[in-house]
A.B. asks: 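Pasting a structure here, questions to come.
Note that the coordinates shown come from a computational prediction; the quantities given were computed from them, not determined experimentally. Just follow the structure's listing: the first ligand is 1, and inside any ligand the first atom is 1.
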Amino acid sequence: MTQTTDPATESTADDASPQARVNAWLADFESALRARDAEKAAGMFATDCFWRDLVSFTWNIKTVEGRDGVAEMLRACLDHIDPSGFRTTEPPAEADGVTEAWIEFETATGRGRGHLRLKDEGAWTLLTTLYELKGHEEPRGGARPRGAEHGVNRARETWAERREREARELGYQTQPYVLVVGGGQGGIALSARLRQLGVPTIVIDKRGRPGDQWRKRYKSLCLHDPVWYDHLPYIKFPDNWPVFSPKDKIADWLESYTKVMELNYWTNTEAKSARYDEATREWHVEVERDGQPVVLRPKQLVLATGMSGKPNVPDIPGMDTFRGDQHHSSAHPGPDAYAGKRAVVIGSNNSAFDICGALWEKGADVTMVQRSSTHIVRSDTLMEIGLGALYSEEAVASGMTTEKADMVFASLPYRIMHEFQIPLYDQMRERDQDFYDRLEKSGFRHDWGDDGSGLFMKYLRRGSGYYIDVGAADLVANGDVKLVQGQVTELTEDSVLLDDGTTLPADVVVYATGYGSMNGWAADLIDQETADRVGKVWGLGSNTTKDPGPWEGEQRNMWKPTQQPALWFHGGNLHQSRHYSLYLALQLKARAEGIPTPVYGLQEVHHTS
Ligand SMILES: Cc1cc2nc3c(=O)[nH]c(=O)nc-3n(C[C@H](O)[C@H](O)[C@H](O)COP(=O)(O)OP(=O)(O)OC[C@H]3O[C@@H](n4cnc5c(N)ncnc54)[C@H](O)[C@@H]3O)c2cc1C
């Protein structure tokens with residue numbers, strides 16, 4: 001995405017070429033925008049069309065649909081956004097009646113990049129994203145900091161002295177502009193970007209070391225996503241990094257990253273309460289740092305407390321009488337203490353399978369309780385068919401960069417993404433038919449998502465309901481891990497009872513029962529009223545299981561303004577954390593610099609949890 005072609009001056013390609021077609025479209029589009037003619041610009045889209053904007057036009061993360069949606073958005077945004085300079089950055093490609101082009105453009109305050117898909121009728125999809133603010137560019141490349149200060153200076157302060165002073169003063173003599181609560185991969189990536197943008201930021205975590213979010217998980221855990229999908233911003237994993245990072249290795253990487261990216265990361269620091277002062281427009285956050293109370297007054301508060309961080313622990317009669325060990329999967333210590341013991345794992349998704357597998361390897365007698373159907377896809381198959389084109393060694397060899405892959409991913413509107421996913425999962429089903437047959441024979445209830453669109457859509461819609469199989473599914477299929485179906489109704493001193501009367505003797509019970517909506521963190525930290533005002537976090541409104549409608553078009557409340565001023569949510573998997581931290585960081589930077597940020601289409605609230 002480097003070579004640019006200005007449609008106004010370089011329309012040299014023959015008229016029927018993809019380049020000429022895109023140039024002509026961009027030139028007409030720009031002139032309609034310049035004339036503030038929203039209807040004309042909207043008329044250049046196909047009847048069924050999608051414009052996904054990441055901050056550049058809407059100061060929001062927003063997809064508008066149909067010509068009416070485009071026109072309405074443009075009427076609200078054009079005057080202050082003042083877009084211009086649309087041009088391609090590489091020769092467009094054409095396939096199956098769709099011309100695809102990578103583009104860049106400018107707005108009144110920033111520079112953007114995007115992607116266009118043109119059909120005969122007009123634009124089918126348009127992605128516009130902000131990547132930098134004018135006058136506030138990151139100090140990269142030729143603009144990198146000098147480091148050394150040549151010459152003589154009696155008041156010289158070394159880099160280390162400056163860092164120490166900053167660390168000493170920030171939060172005490174000076175206040176951070178942003179407070180990020182939660183220093184997992186999400187909080188770390190966002191803080192790194194804010195640091196590069198010069199926004200004073202503190203990231204706090206109640207745990208003892210960066211990376212403890214992974215270190216403290218069950219000991220057999222390795223990342224389920226492959227390395228090409230997992231890079232953090234600025235520093236890529238080296239070429240010899242394992243495909244699936246073991247949890248302690250990724251933890252060490254996060255810890256090192258925190259240090260070299262010079263983050264103001266407060267360990268052993270728990271946010272206890274937060275309150276927004278409407279008059280001063282700042283937060284009043286009480287934290288406890290190494291046991292000592294500190295009050296922080298940031299202007300912006302980001303909850304990066306994890307979508308897989310708020311355990312759903314069921315309330316089952318008899319839990320207090322059970323004499324064995326019982327814990328949520330997030331607190332599972334690993335299998336070592338359970339060799340030869342009877343383990344009952346409640347749940348049948350990722351954590352349940354990983355934990356069952358590790359317990360079985362250690363010689364425990366393991367039973368999985370399946371409560372509802374689960375989607376399983378084999379890791380190798382997922383890598384090859386699901387991710388390979390964008391995130392794989394082959395993709396790298398063919399010149400695909402992480403940044404470009406992220407943009408390709410982002411360019412597909414959520415409304416139609418399942419249509420692209422369904423054929424991939426059909427291929428996966430065919431490839432692993434034998435495996436699915438065996439699984440079915442074992443009595444396991446398997447699904448492919450409500451509409452057959454598989455794992456990624458389940459993740460975006462509900463963040464649960466699947467297992468990326470790295471081996472444990474075979475244990476269930478061949479009966480090594482016993483499988484029972486049903487709802488748990490009671491625990492006795494030494495067993496788990498199910499609704500059909502089954503009794504499962506148990507020495508340890510693991511609740512692999514998933515995690516709650518992230519606005520639960522807002523309820524804990526701020527109050528229930530604020531959490532309800534903000535509403536459910538995550539999901540698309542697809543009207544599928546656990547993702548009630550109405551249709552939202554984007555993930556609820558993630559990385560964008562919420563109904564509570566100056567409150568933001570950040571997180572997701574490593575890919576989302578990397579990509580969307582840029583847009584959240586730019587929104588925060590703009591506010592720090594006093595750049596007007598009129599939000600188009602502020603998140604509406606239809607569900608409180
Ligand atoms: C078993 C398992 C396997 C997974 N595998 C993958 C994978 O392969 N790839 C992937 O990308 N994702 C994976 N995930 C999802 C994973 O949870 C998230 O990707 C990741 O941990 C989320 O990072 P985060 O920074 O958003 O939240 P977290 O890592 O959960 O970090 C949130 C932090 O907030 C802190 N916190 C909470 N409340 C407070 C408070 N009041 N004060 C201070 N600190 C607070 C917590 O201590 C925690 O450290 C997996 C999750 C699980 C459970």
A.B. asks: Does Q185, backbone or side chain, put an N or O under 3.5 Å from an N or O of ligand 1?
C.D. replies: yes

A.B. asks: Over 60° means perpendicular and under 30° means parallel, so classify the ring planes of Y338 and H332, tilted if in between.
C.D. replies: parallel

A.B. asks: Count the heavy atoms of every other residue, nucleotide or ligand shown that sit under 6.0 Å from CZ of R281, and state whether that count exceeds 12.
C.D. replies: no

A.B. asks: For atom 26 (O) of ligand 1, grab the closest protein heavy atom and report residue, atom and distance to one decimal in Å.
C.D. replies: G571 CA, 3.6 Å

A.B. asks: Checking a contact table here: which protein heavy atom is nearest atom 27 (O) of ligand 1, and how many Å away?
C.D. replies: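 Looking at atom 27 (O) of ligand 1, the protein heavy atom closest to it is G306 CA, 3.2 Å.
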
A.B. asks: Relative to atom 51 (C) of ligand 1, which among R207, H332, R217, M518 owns the nearest non-hydrogen atom?
C.D. replies: R217

A.B. asks: Counting from 1, what ligand 1 atoms have a heavy atom of G184 closer than 4.0 Å?
C.D. replies: 25 (O), 29 (O), 31 (O)

A.B. asks: Would you say W521 touches ligand 1, if touching means a heavy atom closer than 4.0 Å?
C.D. replies: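 Right, W521 reaches ligand 1.
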
A.B. asks: Identify, by atom number and element, the atoms of ligand 1 in contact range of V181, meaning under 4.0 Å from any of its heavy atoms.
C.D. replies: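 Every atom of ligand 1 under 4.0 Å from some heavy atom of V181: 40 (C), 42 (N), 43 (C).
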
A.B. asks: Over 60° means perpendicular and under 30° means parallel, so tell me whether F353 and Y467 are parallel, tilted or perpendicular.
C.D. replies: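 Rings of F353 and Y467: parallel, under 30°.
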
A.B. asks: Kindly assign one of parallel, tilted or perpendicular to the pair F237 and W253, based on the angle between their ring planes and the thresholds 30° and 60°.
C.D. replies: tilted

A.B. asks: Name the one of D447, T545, D547, N349 that satisfies side chain to side chain donor-acceptor pair (under 3.5 Å) with K458?
C.D. replies: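 Going through D447, T545, D547, N349 one by one, the side chain to side chain donor-acceptor pair (under 3.5 Å) with K458 is satisfied by D447 alone.
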
A.B. asks: Using a 4.0 Å heavy-atom threshold (strictly under), name the region of H575 that reaches ligand 1: side chain, backbone, both or neither.
C.D. replies: neither

A.B. asks: Can we say K310 and D524 salt-bridge, meaning some charged N sits less than 4.0 Å from an Asp/Glu carboxylate O?
C.D. replies: yes

A.B. asks: Can a non-hydrogen atom of N350 be found less than 4.0 Å from any atom of ligand 1?
C.D. replies: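 It does not; every heavy atom stays at 4.0 Å or beyond.
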
A.B. asks: In the protein, which heavy atom is nearest to atom 11 (O) of ligand 1, and how far is it?
C.D. replies: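 Scanning the protein heavy atoms, the shortest distance from atom 11 (O) of ligand 1 goes to L574 N, 2.8 Å.
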
A.B. asks: Identify the protein heavy atom lying closest to atom 15 (C) of ligand 1, giving its residue, its atom name and the separation to 0.1 Å.
C.D. replies: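 Checking every protein heavy atom, the shortest distance to atom 15 (C) of ligand 1 gives S308 OG, 4.0 Å.
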
A.B. asks: Within less than 4.0 angstrom of ligand 1, does D230 place any heavy atom?
C.D. replies: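 Distance cut 4.0 Å: D230 fails for ligand 1.
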
A.B. asks: For atom 7 (C) of ligand 1, what is the nearest protein heavy atom, given as residue, atom name and distance?
C.D. replies: H224 N, 3.6 Å

A.B. asks: Give the ring-plane orientation class for H570 versus W559, where under 30° counts as parallel, over 60° as perpendicular and anything between as tilted.
C.D. replies: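 The arrangement is perpendicular - the two ring planes meet at more than 60°.
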
A.B. asks: Suppose I only count heavy atoms of G182 and a 4.0 Å limit; which atoms of ligand 1 are within that range?
C.D. replies: 33 (C), 34 (O), 35 (C)

A.B. asks: Within ligand 1, which atoms have a heavy atom of Y515 less than 4.0 Å away?
C.D. replies: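 Counting from 1, the qualifying ligand atoms are 53 (C).
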
A.B. asks: Among all protein heavy atoms in this structure, tell me which lies nearest to atom 48 (C) of ligand 1, with the distance rounded to 0.1 Å.
C.D. replies: D205 OD2, 3.4 Å

A.B. asks: Only one of F409, Y466, Y391 passes ring pair (Phe, Tyr, Trp, His ring centres under 6.0 Å) with F456; say which it is.
C.D. replies: F409

A.B. asks: Taking 4.0 angstrom as the limit, do E255 and R209 come out as a salt bridge?
C.D. replies: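 Answer for the salt bridge query: yes.
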
A.B. asks: For ligand 1, which atoms, with element, lie under 4.0 Å from some heavy atom of Y218?
C.D. replies: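 Every atom of ligand 1 under 4.0 Å from some heavy atom of Y218: 1 (C).
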
A.B. asks: If the contact criterion is a heavy-atom separation under 4.0 Å, does G572 count as touching ligand 1?
C.D. replies: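 True for this residue.
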
A.B. asks: Run the numbers for me: atoms of ligand 1, each under 4.0 Å from some heavy atom of G186, listed by number.
C.D. replies: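 Numbered from 1, ligand 1 contributes 24 (P), 25 (O).
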
A.B. asks: State whether the shortest distance between N or O atoms of A271 and N or O atoms of ligand 1 falls below 3.5 angstrom.
C.D. replies: yes

A.B. asks: Applying the ring pair (Phe, Tyr, Trp, His ring centres under 6.0 Å) criterion to W538, which one of Y515, Y459, F569 satisfies it?
C.D. replies: Y459

A.B. asks: Can you tell me the protein heavy atom closest to atom 13 (C) of ligand 1 and the distance?
C.D. replies: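 Protein heavy atom with the smallest distance to atom 13 (C) of ligand 1: W214 CH2, 3.5 Å.
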
A.B. asks: Taking 4.0 angstrom as the limit and counting only heavy atoms of Q213, give me the atoms of ligand 1 inside it, by number and element.
C.D. replies: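 Reading through ligand 1 atom by atom, the close ones are 29 (O), 31 (O), 48 (C), 49 (O).
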
A.B. asks: Taking atom CG of D336 as the centre, report whether more than 12 heavy atoms of other residues, nucleotides or ligands fall under 6.0 Å from it.
C.D. replies: yes

A.B. asks: For atom 9 (N) of ligand 1, what's the nearest protein heavy-atom neighbour? Residue, atom name and distance, please.
C.D. replies: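 Answer for atom 9 (N) of ligand 1: D225 OD2, 3.2 Å.
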
A.B. asks: Looking only at heavy atoms, is any part of S329 under 4.0 Å from ligand 1, and if so is it the side chain, the backbone, or both, or is it neither?
C.D. replies: neither

A.B. asks: Run the salt-bridge test on K219 and D248 with the 4.0 Å N-O cut-off and return the result as yes or no.
C.D. replies: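 D248 and K219: not salt-bridged.
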
A.B. asks: Mind checking whether K206 has an N or O less than 3.5 Å away from an N or O of ligand 1?
C.D. replies: yes

A.B. asks: Mark up the atoms of ligand 1 that fall under 4.0 Å of a heavy atom belonging to E270, in ascending order.
C.D. replies: 41 (N), 42 (N), 43 (C)

A.B. asks: Once you measure the plane-to-plane angle for H579 and H575, does it fall in the parallel (<30°), tilted (30-60°) or perpendicular (>60°) bin?
C.D. replies: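 Tilted.
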
A.B. asks: Has the side chain of N557 got a donor or acceptor atom that lies under 3.5 Å from a matching backbone atom of V534?
C.D. replies: yes

A.B. asks: Do E166 and R195 sit within salt-bridge range, that is, some charged N less than 4.0 Å from a carboxylate O?
C.D. replies: yes

